[in-house]
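Notes follow once the structure below has been shown.
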Amino acid sequence: METLKLNIEKIYSFVPKETIYGYKKDVEAYNAALDDKTGKGNDFLGWVNLPSSISEKELTDIESVANVLKNQVEIVVVVGIGGSYLGAKSVLEALSNSFQALKSKQKNPLVVFAGQNISEDYLHELLEILNEKTYGVIVISKSGTTTEPAVAFRLLKAHLEAKVGKAKAKELIVAVTDAKRGALRTLATQEGYKTFVIPDDVGGRFSVLTPVGLLPIAAAGFNIRQFVAGAVSMEKATAKNVAFENNPAAIYGAARNAMYKIGKQTEILASYNPKLVYIAEWWKQLYGESEGKENKGIFPASVTFTADLHSMGQYIQEGLRNIFETVVSVQNTDYKVTIPNDPDNLDTLNFLSGKNFDHVNKMAELGTMLAHVDGNVPNIRIEIPRINEYHLGELLYFFEKACGISCYALGVNPFDQPGVEAYKKNMFALLDKPGFEEETKKIKARL
Ligand code: PA5
């Protein structure tokens with residue numbers, strides 16, 4: 001079976017292989033602390049065994065609710081933010097036809113998102129479309145109290161009820177939230193919505209393999225069993241009984257840490273396929289929110305080549321030398337398109353006639369890798385055989401496991417996010433939230 005492969009050879013001129021492999025004992029201990037649930041934040045390690053512990057009943061339940069939506073609506077609006085948004089968004093962007101929304105016939109509902117911003121124009125434009133289409137809503141919030149999705153859901157609930165009536169709206173709304181706590185759980189019980197549970201021991205950004213990710217992916221018509229199967233294989237390939245040298249998550253974690261130690265404090269995730277743009281957004285949240293604390297952590301950035309070679313490429317080649325690059329390289333395309341011959345050859349590119357676009361893309365990839373290494377940017381390469389449910393399951397689990405290892409190597413708790421509260425406090429004070437009177441006075445005086 002083809003599988004994800006990691007190649008770190010192009011960092012050895014910056015940090016020798018022996019140094020990276022010298023981390024073996026420590027990294028194996030960090031990995032065991034994840035699997036044994038003994039490390040920092042160990043009450044949030046439920047994601048480690050999620051792939052292998054998802055039951056047939058859970059999968060069937062998710063598929064049947066997805067089918068109810070698929071059979072009734074043209075659009076599914078997924079409401080959520082952060083970890084309650086990016087997992088599904090990243091997988092759907094990767095798997096969907098790049099021009100899906102423009103296709104005249106839709107086999108499955110189009111999945112769109114709300115509650116990941118508070119933009120008035122975005123919501124107005126969404127409602128304009130929803131006026132003309134049949135739609136359902138999947139509202140996702142683990143805490144059930146996050147402001148952005150809560151206000152977006154208020155709007156959509158009122159809109160759907162006005163459009164189809166309260167009784168029908170109830171059938172078309174599904175809530176994914178905590179088993180017992182939070183305003184969304186209370187509301188779902190009160191209204192009688194179908195609900196799915198986000199386990200207590202799984203944090204938002206590690207929740208793509210719960211109904212948070214699986215339900216929207218299934219509603220869009222993709223195969224969640226294959227997605228889970230890919231994650232199961234990576235769960236096995238990165239388990240504590242796998243030696244460091246055979247464990248890609250352990251090696252990636254060690255390599256990142258080695259980069260950080262030599263002052264490479266920014267990691268750029270690059271791909272040569274625009275379908276992976278949101279995989280990078282998901283990855284940035286995973287690593288940024290897990291590692292960036294106690295004044296430490298690698299800054300996660302991303303680019304899509306070759307487009308960004310004509311913008312950020314200049315900085316990567318010659319800017320501040322504090323970066324390393326991790327390329328997600330897709331080995332096979334789904335379709336073949338060749339470059340036509342042009343008898344006039346005005347652009348002098350006939351030497352490419354008859355060649356596949358992907359061949360040119362791959363040469364751009366290899367040429368860029370060597371140019372960046374020459375420009376003192378170490379290069380890590382993650383190869384996936386193709387973009388499908390199975391390999392995305394592998395890739396996302398690989399990143400999650402490596403993230404846990406990296407955070408333990410850095411000495412931080414991967415599973416909290418204390419820094420996220422600061423903006424919320426200020427926003428509530430500025431919005432005159434009852435109970436914030438003192439903060440309101442102080443903050444208004446500062447403006
Ligand atoms: O990773 C995280 O924990 C966060 O990004 C959350 O997912 C995000 O803040 C949304 O939280 P909630 O699902 O509680 O609305």
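It should be emphasised that the depicted structure is a prediction, and the values quoted were computed from it without experimental measurement. As the structure lists them, so they are numbered: ligands from 1, and atoms in each ligand from 1.
- Under a 4.0 Å N-O distance rule, the pair Asp200/Arg181 qualifies as a salt bridge.
- Between Lys441 and Glu439 there is no salt bridge, since none of the side-chain N atoms of the basic residue sits less than 4.0 Å from a carboxylate O of the acidic one.
- In terms of N/O distances under 3.5 Å, ligand 1 is approached by Gly83.
- Using a 4.0 Å cut-off between charged nitrogen and carboxylate oxygen, Glu235 and Lys401 do not count as a salt-bridge pair.
- Listed by number with element, the atoms of ligand 1 under 4.0 angstrom from any heavy atom of Gln285 are 1 (O), 2 (C), 4 (C), 5 (O).
- Those atoms of ligand 1 that come under 4.0 Å of a heavy atom in Thr146, given as number and element, are 11 (O), 12 (P), 14 (O), 15 (O).
- Near Ser143, meaning under 4.0 Å from any of its heavy atoms, are these atoms of ligand 1: 12 (P), 14 (O), 15 (O).
- Taking every non-hydrogen atom of Ile81 and a distance limit under 4.0 Å, the qualifying atoms of ligand 1 come out as 7 (O), 8 (C), 10 (C).
- Less than 4.0 angstrom separates some heavy atom of Ser84 from each of these atoms of ligand 1: 7 (O), 12 (P), 13 (O).
- Every atom of ligand 1 is numbered from 1 in the order shown, and the set under 4.0 Å from a heavy atom of Glu289 is 1 (O), 2 (C), 4 (C), 5 (O).
- Considering CG of Asn131 and NE2 of His159, their distance stands at 4.0 Å, rounded to 0.5 Å.
- With respect to Glu267 and Arg256, a salt bridge is recorded, a charged nitrogen being found less than 4.0 Å from a carboxylate O.
- Using a 4.0 Å cut-off between charged nitrogen and carboxylate oxygen, Glu421 and Lys425 do not count as a salt-bridge pair.
- Residue contact check: Arg205 has heavy atoms under 4.0 Å from atoms 1 (O), 2 (C), 3 (O) of ligand 1.
- Between Lys25 and Glu28 there is no salt bridge, since no side-chain N of the basic residue sits under 4.0 Å from a carboxylate O of the acidic one.
- The nearest protein heavy atom to atom 9 (O) of ligand 1 is not closer than 4.0 Å.
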